[in-house]
Amino acid sequence: MSAPAPSAPVNRTDSTPAARPPLPFLPMTRPTIDEETIAGVAEVLRSGWITSGPKVKELEAKLSEYCGGRPVRAFNSGTCTMEIALRIAGIGPGHEVITTPLSWVATSNVVLTVGARPVFVDIDPVTRNIDLDRVEAAITPATRAIMPVDLAGLPVDRDRLNAIAKRHNLRVIEDAAQSMGSTWGGRRIGSFGDFVSFSFHPNKNITTIEGGCLVMNDEREAKLAEQYRLQGVIRSGMDQIEVSLIGGKFNLTDVAARVGLGQLPRLAEFNARRRELARAYFELFAAQGAAVEGLQLPPADFTNTNWHMFQVGLPEQKLKVSRADIMARMQEAGIGTGVHYPVIHRFALYRSLGWKDGDFPHAENAGRNLLTLPLFPAMTRADVVRVVETLAAILQAHRLP
Ligand SMILES: *Cc1c(COP(=O)(O)O)cnc(C)c1O
C-alpha cells in the first residue's frame with residue numbers, strides 16, 4: 001500500500017474540497033523581451049547617447065534588409081509614419097483617401113490631420129478587411145490614395161489592390177501596423193508596393209515599446225521623411241541647418257531602437273509560435289461542436305498571415321448577454337480579451353463630419369461582435385485550452401433557448 005501524499009489534509013473538519021490555487025491572469029497579449037535585450041538597453045543607457053543615434057541607424061539598416069533593401073526610416077509611432085507618408089505624397093486639403101472603417105482610429109485620423117477627407121469603404125465580412133470589390137465605386141476625381149489595413153495580420157490582396165491603384169493613378173499607403181511578418185504571393189509585406197507603415201507598439205508582433213517605421217520607394221522620399229521626423233531640419237557642414245517645411249517631433253530613441261534590435265531577429269520564431277497557437281484554437285473550437293455554434297472564426301489562413309490576433313465573431317442573435325458581459329465573465333475567469341475595433345465612423349468626431357449608423361453594415365456588425373482572444377508567443381497550448389473551454393461554457397450558459 002502506498003503512503004498518503006504528504007500534502008493530503010489529515011484534520012479536515014468540513015467536506016469542501018481543497019481549493020485549487022487560482023490560475024494566473026492570462027492577458028490578451030504580452031510582449032516577449034529577452035534578457036539579452038534588457039542588458040543591451042542597460043548598455044545604451046550607460047553609453048551617454050540615449051536618444052536618436054547609432055542604434056536607430058542600425059535598426060533602420062536591419063529593417064531595410066528585412067524589406068528587400070527598400071529605404072526604411074524609424075519613428076516614435078506607427079501613426080506618425082502614415083501621416084508622414086501622406087505628406088510626402090502631397091496629400092492635403094481637397095483630397096480624398098480611401099480606407100476601412102474597421103481599424104484603429106489612427107488610420108483615418110492621420111487623413112484628417114493633413115486636411116484631407118477619409119472615404120470609408122465597407123469590409124468583406126469574411127476577411128474583415130476593406131472590400132476591394134467596392135473600392136473602385138468610391139474613387140472620385142479628388143481621390144489620391146488608398147490606405148488598406150491588414151486586420152489581425154491577414155493581408156489585403158496586394159495584387160488586386162495595386163492593380164486598382166495603378167489603374168487610377170493612386171498612391172497606396174499600407175497600414176501594415178499589424179502585419180509585420182505576413183506575406184503575399186510568397187513575398188514579405190514591406191518588401192514591395194508603395195508606402196508601407198509598420199507599428200512597434202507593445203501589442204504588435206515586435207515592439208520598440210512605442211515606435212514604427214515607414215518603407216519608401218527611394219532616397220528622395222527617405223530624405224523628406226527625415227525632415228518631417230524632426231522639425232523640417234536639414235543639416236549640412238559642421239554648423240549649418242536649414243528648415244524648408246513644417247516637420248514634427250517624431251524621432252525614435254536609441255533606447256527604443258535597441259529593444260527593436262533584440263526583437264527583429266526573433267520575428268520569425270514569434271510568428272511561428274503564433275501560428276501554432278492559432279492552429280490549436282481552430283482544433284479546440286472544432287472539438288467544442290454545438291457548444292460554440294454560431295461563433296464565427298477568422299479565415300484559417302496559414303499561408304500569408306502572421307496571426308497578429310485571433311478574433312472570433314460572437315453570435316449576437318443567439319445570446320442573452322452582450323459582448324461586454326462576456327468580456328466581464330472572461331475577466332472573472334482570469335482571461336483578458338479585447339475589442340479591435342469599434343467602427344471609426346460612429347465616433348462623435350466622425351459623426352460630426354457626416355457619417356451615421358448604417359453607412360457600413362458589415363463593418364458595424366464586426367465592430368459590435370468581434371472579440372479578440374489571447375494570442376502571444378509566450379502562451380502555451382494549455383492556455384488556449386483554458387480560453388476555449390471558458391468561452392464555450394459562457395456561451396452555453398447564456399444561449400437563447
Ligand atoms: C497599432 C496600429 C496603428 C498605430 O500604431 P501606433 O504605433 O500605436 O501609432 C495604426 N493602425 C493599426 C491598424 C494599428 O493596429
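Start at 1 and go down the list; that is how both ligands and their atoms are numbered.
For His168, the side-chain contact (heavy atoms from CB on, under 4.5 Å) partners at least two apart in sequence or on another chain are Glu136, Ile139, Ile164, Leu170.
For the pair Arg187 and Phe192, the cation-pi criterion (under 6.0 Å, within 45° of the ring axis) is fulfilled. Because its NZ or CZ atom is not both nearer than 6.0 Å to the ring centre of Phe376 and within 45° of the ring axis, Arg274 does not count as a cation-pi partner of that residue.
Separation of the Trp307 and Phe302 ring centroids falls under the 6.0 Å cut-off.
Between Arg273 atom CZ and Leu375 atom CG the span is 9.5 Å, to the nearest 0.5 Å.
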Are there any N/O pairs under 3.5 Å between ligand 1 and the protein, and if so, what are their distances?
unit_1   : atom_1 : unit_2 : atom_2 : d
ligand 1 : 5 (O)  : Ser199 : OG     : 3.2
ligand 1 : 7 (O)  : Gly78  : N      : 2.8
ligand 1 : 7 (O)  : Ser199 : OG     : 2.7
ligand 1 : 9 (O)  : Gly78  : N      : 3.2
ligand 1 : 9 (O)  : Thr79  : N      : 2.8
ligand 1 : 9 (O)  : Thr79  : OG1    : 2.5
ligand 1 : 11 (N) : Asp175 : OD1    : 3.3
ligand 1 : 11 (N) : Asp175 : OD2    : 2.7
ligand 1 : 15 (O) : Gln178 : NE2    : 2.8
ligand 1 : 15 (O) : Lys204 : NZ     : 3.1
ligand 1 : 15 (O) : Tyr341 : OH     : 3.3

Stepwise ring-ring contact (aromatic ring centres under 6.0 Å, His included) test for Phe282 and Phe310: CA-CA 10 Å; Phe282 282 107; Phe310 195 95; 5.3 Å; yes
